[in-house]
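Below: the structure, in structure tokens.
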Amino acid sequence: MTVVTRFAPSPTGFLHVGGARTALYNWLFARRHGGKFLLRIEDTDTAREVPGAVEQILESLAWLGITPDEPPLFQRQREARHAEVARALVAAGKAYYAYETAEELQAMRERALKEGRPPRYDGAWRDRDPAEAPPGVPGAIRLKVPREGETVVEDLVQGTVRVANSELDDMIILRSDGRPTYLHAVVVDDHDMGITHVIRGDDHLTNTFRQCQLYDALGWQRPAFAHIPLIHGQDGTKLSKRHGAVSVLEFRDQGYLPEAVANYLLRLGWGHGDIEVIGMDEAAAIFDLSDVGRGAARFDYAKLLHLNGVWLRRADDERLVAETLPRLERRLGAPPGAEVAARLRVLMPGLKERARTLEELADSAVFLAHPVPLPFDPKAEALLTPASCAALGALLEAWRDTAWEPGPLEQAARAFAESKGIKLKDVAMPLRAALTGMTTSPPIFDVAAALGPAETRVRVEAAIERAGRLAASAVGP
Ligand code: GLU
């Protein structure tokens, strides 16, 4: 059997991390078994459809690298097929037309509740002669659900789950306007698409019982089911905006890497030995549903942030440069020039050691692109005293004949400090302040080398000039 899985989002909003994890598990499971992963957009509920949601969902999946093996299928385009299957069930005596109006159904529900019964359809039209149908009233099609026995699902995550058939009523499969209900459309589509494994959130478990009855009535083989627990926030309630970012694209915009988000979502609910950091190719070789936990997972933003740092350090420098340049442009309002890209390239190994997100990376690199005068953070500013600036001026002189590379620059600075009877850090710290405007950066001689002799000189001289100006204004006229 070739495994075929699917992800079936409704375009009622952005793709949130719960949906993304469901998609990921389906994709990995198909890859693990050399099967196919398909995408179906469940767009039958036009009233709840959000404009742009389909594009957002596709963009989110593409960003995460979760690519379907065929172009997406749109459920709405299959309504004729859904109706045809429902009508065939009527012809086979397994479903029937029911003619209650919305008001009558409401009254039925209220009556049941008043009498302490569950509000189910009472099956009024189940055994009535269709000839009694009210003229001119379009009926809805309801499935004739067995009243005895139970429906049992061998779920690959939840184990054996069962419900007494008396708990279920004759559900509508085709509305009186000829449109399918969600439960029915899913079954027909999953069957026609050849889906072998339905992996979805456990909020769908009650639907599964009903869908199994539909499979049975149609004489179709049921797919295997795996219901994965929902994602909660740290407080144990369902993850929502209140907890923080929940949409996949929000994480992208906050500077997360797709492999880190995928890694985190995978581990959220699935575990294999003590693996924490895992790439998707590796995961596809070992992913199994038996390793999916049954309890709700708690989304831990701090853990994701940490994992993102791990993936950032592993990422290719050239890719990080490409990710950082547009972020610098956003910060400075102009596209950084070629010399900035070159500086970034040289310093990337040091910069990526210190950042946990692409946004942090851009914040730490913005000094490379900033024209003088640099903005100084207060701690850096405090390091630029008249005395330390005088030392910096002398250091520039000492560097005049030094090869402009980190090693020689550092050696020359050490010799310089020694000759002045000061410590290396007494000159290195003000140098960092002058070149970056900050008190943390990659190794400062790497920074000087990346900036080049001319820019280093410009920045040091600007810092000296500024310190002089501030000292003069502090003294007053
Ligand atoms: N369209 C459903 C949803 O967005 C999923 C249906 C399914 O996976 O069977 O929750």
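Worth saying up front: this structure is predicted, and the values here are computed from it rather than measured. Throughout, numbering of the chain's residues begins at 1 and tracks the sequence. Just so you know, ligand 1 is whichever comes first in the structure, and atom 1 is the first atom listed for that ligand.
- With respect to Asp169 and Arg210, a salt bridge is recorded, a charged nitrogen being found less than 4.0 Å from a carboxylate O.
- The residue from Asp202, Ile199, Leu156, Asp155 that alone fulfils the side chain to side chain contact (heavy atoms under 4.5 Å, CB included) condition with Ile228 is Ile199.
- Among all non-hydrogen protein atoms, the one lying nearest atom 3 (C) of ligand 1 is Ser10 OG, 3.7 Å.
- Regarding atom 10 (O) of ligand 1, its nearest protein heavy-atom neighbour is His204 NE2, 3.0 Å.
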Let's go through His197 and Val4 carefully: what are the C-alpha distance in whole Å and the side-chain angles of both, what is the deciding distance for side chain to side chain contact (heavy atoms under 4.5 Å, CB included) to 0.1 Å, and is it a yes or a no?
CA-CA 6 Å; His197 292 75; Val4 185; over 6 Å; no

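- Residue-level proximity to ligand 1 for Arg6 is carried by the side chain, the only part with a heavy atom below 4.0 angstrom.
- Summary of contacts: the protein heavy atom closest to atom 6 (C) of ligand 1 is Tyr182 OH, 3.0 Å.
- Of all the atoms in ligand 1, the ones that sit under 4.0 Å from a non-hydrogen atom of Glu42 are 1 (N), 2 (C), 5 (C), 6 (C).
- A salt bridge links Arg319 and Glu259; the closest N-O separation between the charged side-chain nitrogens and carboxylate oxygens is under 4.0 Å.
- Sorted by first and then second residue, the pairs that involve residues 343-360 and meet salt bridge (charged side-chain N to carboxylate O under 4.0 Å, His left out), not counting sequence neighbours, are Asp317-Lys352, Glu318-Arg345, Arg327-Glu359, Arg331-Glu359, Arg343-Glu455, Arg356-Glu360.
- Of the heavy atoms in Phe7, none comes closer than 4.0 Å to ligand 1.
- Applying the 4.0 Å criterion to heavy atoms of Arg200 picks out, from ligand 1, the atoms 7 (C), 8 (O), 9 (O).
- Between Ala8 and ligand 1, at least one pair of N/O atoms sits closer than 3.5 Å.
- Residues Arg126 and Tyr121 fail the side-chain proximity criterion, which asks for heavy atoms closer than 4.5 Å.
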